[in-house]
Amino acid sequence: MSINDLFKKANNLFRQNNHIEGLKIYKDIFSKYPQNVRLSDEVKKTTKKYKQIINQTISDQEISNFFDMQKQDQGEIVIKHLNTMYKKNNNDILIISLLGTFYSLEKNYDKAIYFQKKAIEKAPFELSFYQNLAITLRQQDKNIDALSMLYFAKILSLNNKSIDFEIAKLYTLIKNYKASDFIFSNLIKDKDLTEEIIHHYCMNLIDWKKESQAISFLKKINNYTETKNLLLGLANYKLNNFESAKICFLEAIKVNKNSFVAYSHLGNCYLGLGFLDKAENCQKESLKISPKNSIAMNNLGAFWYFTGNSEEAEKIFIESIKENAHNHEAKYFLALCQLAKSNYEQGWSNYSSRWLYKNFDSFIFKTNLPKFTLDTHSKNLIIWDEQGIGDTVLFLRFLKDIKPLVNKLYISIDKRLHPIIHRIDPDILFYDKKEFNPKTNYFNHQMPIGDLGPLFVKDNSYFSKNKKSYIISSKQKNIVLESKLKEKNKFKCGISWQSVNRRIGLAKSLTLDDLKPIL
């Protein structure tokens, strides 16, 4: 459909008072023709013609009093008062909007969304209504829906840079770093470049693994010394330049001796450099300065987890989540602690938070295929790999459990594992992880490999019933190995004693001297 046809379609919808659908067409036009100058004029004309007047049925002073009451933990009283007014006039747009706002502040998100959507239905050209709904959706980690609402706001205010900034941050959250960078590339051209924009722009580059680009940008900045050093430190840390990162964090502490963020990141540097005591002490120093800061709580918990202190790690992750229910890093590591203790119900539940943890590098496949459940009567199921090769091998044990439940089982996986899959079951069809296209018509349902565990492991009885090896080694390699190890009637045991992960490897490795007493 041409751009002229799209404008005609939108205008017809507006004439029919189908304003939301008309604005959706405008969103399509913006997406397909972002540089088209006509859209701005059309939006102005349409808004002027159709925008509803919102009557000031409550004074600004009374609204201000409501917010003061909410800050004093009297939000429920405010909501009760607004509901009384709403019953008298359920078409009052201002009251509907305020109910949405205060329900959101009180974390009653379902009711907040109900009223915020109702406000949009009644006043679809009110910019702030879309922004308010986006905030509530973000609070529920519904980031894609929040992004959609912000694009409605963007259409109504095409040159609004604050909306662009919020959109860019959401793109980073959903790991669409390229889209975020496209927006930031315009925002950083502003003469009045703010510290907040610098921070989020560089964090997007760092998360995108473009640390060198972030470093080049930061070296051109003369102010914001603490922020600059923190970001330079993070970029160098991600590049495994631990010594350079350490210097940056120490510089940040010179500028601000109470920089709890710098202390926590410095602790991670010491961990990478192998100074475990200093690593732990830095996290504790960060918590002395700011006792409930999630950065140090998460980092200290991860340190304890990797150094074998799972009990303390679990406690601090639980405490961190109490402070921030959207702390997905803490939920992910808490899941690892819980699963290690055979707490499968809570562990698997928290394990699903991995997709929202920004350092979990895997991406969810974009597909309209429904997810497989045990109630599914699926003909053909595609399982897609999501993690490193070591974790994937652990989940391969469940292939024998899932296969009887489907007609055909497909798996998209690292090609190095294809021979192992074939030895497990030659009927399983596999794709190379790098070449897989989830849009093929072969499949009816899909699921990530990491979600196989929750289907089958409810308690430890699963393992007692499934003691047989699920990995079959190569016969040819076995013959070679047997010829080298000629001892008979003895177990052949392999030991992995060293991790090559540069950031945390030293915390989960042993030296051969450590192993000497048992060898």
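When a residue number appears, it is its place in the shown sequence, counting from 1.
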Any side-chain donor-acceptor pair under 3.5 Å between [X] and [Y]?
X	Y	answer
Thr136	Gln116	yes
Lys175	Asn143	no
Ser31	Tyr151	no
Ser2	Asp5	yes
Asn327	Asn298	yes
Asn324	Ser294	no
Glu106	Gln70	yes
Gln61	Asn65	yes

Rounded to the nearest 0.5 Å, what separation is found between the [atom1] atom of [X] and the [atom2] atom of [Y]?
X	Y	atom1	atom2	value
Cys248	Leu266	SG	CG	11.0 Å
Leu127	Asn132	CG	CG	9.5 Å
Ile295	Leu287	CD1	CG	10.5 Å
Ile63	Leu94	CD1	CG	5.0 Å
Ile3	Arg38	CD1	CZ	7.0 Å
Ser148	Ile167	OG	CD1	10.0 Å

Within a 6.0 Å radius of atom [atom1] on [X], are there more than 12 heavy atoms belonging to other residues, nucleotides or ligands?
X	atom1	value
Asp190	CG	yes
Asn368	CG	no
Phe182	CZ	no
Asn17	CG	yes
Glu345	CD	no
Asn222	CG	no

Would you indicate whether the side-chain heavy atoms of [Y] and [X] approach each other to under 4.5 Å?
X	Y	value
Phe217	Ile198	yes
Asp141	His328	yes
Met85	Thr57	no
Leu150	Lys154	no
Leu23	Tyr130	yes

For [Y] together with [X], are the ring centres under 6.0 Å from each other?
X	Y	result
Tyr263	Phe249	no
His265	Tyr237	no
His81	Phe66	yes
Tyr177	Tyr171	no
His200	Phe184	no

Exercise. Before giving the answer on ring pair (Phe, Tyr, Trp, His ring centres under 6.0 Å), spell out for Phe317 and Tyr305 the whole-Å C-alpha distance, their side-chain angles and the decisive distance to 0.1 Å.
Key: CA-CA 10 Å; Phe317 287 134; Tyr305 173 75; 7.7 Å; no

Quiz item: Is it true that the NZ or CZ of Lys331 lies under 6.0 Å from the centre of Tyr357's six-membered ring and within 45 degrees of the ring axis?
Solution: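 No, Lys331 does not lie over the aromatic ring of Tyr357.
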
Self-check item: Cation-aromatic face contact Lys111/Phe115, 6.0 Å, 45 degrees
Solution: no

Minimum heavy-atom separation for [X] to [Y], with atom names?
X	Y	result
Leu218	Lys228	O-CE, 3.0 Å
Arg138	His326	O-CE1, 4.4 Å
Leu231	Ile206	O-CD1, 3.9 Å
Ile25	Leu6	CG2-O, 3.2 Å
Met69	Val78	CB-CG2, 3.8 Å
Ser353	Tyr332	OG-N, 3.3 Å

Would you call the rings of [X] and [Y] parallel, tilted or perpendicular if under 30° counts as parallel and over 60° as perpendicular?
X	Y	value
Trp348	Phe395	tilted
Phe125	Phe14	tilted
Phe67	Phe102	tilted
Phe360	Trp355	perpendicular

Quick one: do [X] and [Y] make a salt bridge, cutoff under 4.0 Å?
X	Y	answer
Glu329	Lys358	no
Lys210	Asp181	no
Lys122	Asp92	no
Lys118	Glu121	no

Quiz item: Would you find a donor on one side and an acceptor on the other, under 3.5 Å apart, between the side chain of Thr46 and the backbone of Val43?
Solution: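 Flag not set: sc Thr46 to bb Val43 has no pair under 3.5 Å.
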
